[in-house]
Amino acid sequence: MSKALLVEIRVRSLYYLKNGDFLIYLLIVGFTSLYSYMAIVKYRTFIYHGWFDLGVFNQSLWTTLHYGAVNGQILWNTTNFGQLPIHLSLILLLELPFYAIYQSPEIILVFGSFMLRLGALPLYWLARDEFKSKGVGLLFALVYLTYPLQMGVSWMFHPDAALPAFLLFS
């Protein structure tokens, strides 16, 4: 490598390090990818512990996608038993277009991981504006992303995992 190219790489990397707005997106994508990969590995190797809930959500999405509304219900499991009257999991409606692209329980795990990690974005904005420092905002977001209890939630999908992101955005 030439010396000019190394200087250019150094200047650009320092710019991106100082520009926290780029790094927060990189952190969210990186942690989503990491936890999604680990959840999919657990699912494929039959170490997955939330199999019943994942099966219910998968069946609800699949039947809605292939059969639409039956008896006036969407997200239904059987003809008389639907997901919405029991839990009102509206986040599944948001997930339905992604499930239409790739119809597998794995997309449910990836979507859940993304929704859980998305809460770091408003937390970064709040801390950055409150402390007037992008570094402090990144620190808050990093603490949120590496919080140990999030790892346990990442292994399985549950609609309640999207609540921190929605509450922080509100």
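By convention here, the first residue in the shown sequence is residue 1.
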Taken to the nearest 0.5 Å, the spacing of Leu27 CG from Leu145 CG works out to 6.0 Å

Do Ile91 and Asp160 make a side-chain contact, defined as non-hydrogen atoms from C-beta onward lying under 4.5 Å apart? no

Roughly how far apart are Phe98 CZ and Ile107 CD1, rounded to 0.5 Å? 8.0 Å

Is there a side-chain contact between Leu54 and Tyr43, using heavy atoms and a 4.5 Å cut-off? yes

Here the gap from Leu139 atom CG to Phe131 atom CZ, rounded to the nearest 0.5 Å, amounts to 9.5 Å

Looking only at atom types and distance, does a side-chain atom of Ser113 sit under 3.5 Å from a main-chain N or O of Leu109, one as donor and one as acceptor? no

Residues which pass ring pair (Phe, Tyr, Trp, His ring centres under 6.0 Å) with Phe31, listed by chain and number, not counting sequence neighbours: none

Could you give the distance from OH (Tyr99) to CG (Leu94), rounded to the nearest 0.5 Å? 16.0 Å

From OH (Tyr124) to NZ (Lys134), nearest 0.5 Å: 5.0 Å

Start with the C-alpha gap between Tyr37 and Val41, add the side-chain angles, then the distance that decides, and say whether side-chain contact (heavy atoms from CB on, under 4.5 Å) holds. CA-CA 6 Å; Tyr37 173 75; Val41 166; 3.7 Å; yes

Do Leu34 and Ile24 land in one hydrophobic cluster if side-chain heavy atoms of ILVMFWY residues count as linked below 4.5 Å? yes

If only atom types and distance count, is the side chain of Thr64 paired as donor or acceptor with the main-chain N or O of Leu61 below 3.5 Å? no

Around atom CD of Glu130, are there more than 12 heavy atoms from other residues, nucleotides or ligands closer than 6.0 Å? no

Of all the heavy-atom pairs spanning Thr32 and Val110, show the shortest one and how long it is. CG2-O, 4.5 Å

Side chain proximity check, Leu92 to Leu96, heavy atoms < 4.5 angstrom: no

Within-4.5 Å side-chain heavy-atom neighbours: Phe140 and Arg128: no

Distance-only check: which donor-acceptor pairs under 3.5 Å involve side-chain atoms of residues 115-122, not counting sequence neighbours?
residue, atom, partner, partner atom, Å
Arg117, NH1, Ser154, OG, 3.4
Arg117, NH2, Ser154, OG, 2.4

Euclidean distance, Leu142 CG relative to Tyr147 OH, rounded to 0.5 Å: 15.0 Å

Side-chain touch Trp125/Phe169, heavy atoms, less than 4.5 angstrom: yes

Nearest heavy atoms of Ala127 and Gly137, plus distance in Å: CB-CA, 3.7 Å

Is there a chain of hydrophobic side chains (I, L, V, M, F, W, Y, each step under 4.5 Å between heavy atoms) that links Tyr35 to Tyr102? yes

Between Val143 and Leu167, is there a shared hydrophobic cluster once you connect ILVMFWY residues whose side-chain heavy atoms come closer than 4.5 Å? no

Would you say that Ser36 contacts Phe111 through its side chain, given a criterion of any heavy-atom pair below 4.5 Å between the two side chains? no

Is there a path of hydrophobic side-chain contacts, each under 4.5 Å between heavy atoms, that joins Leu123 and Leu163? no

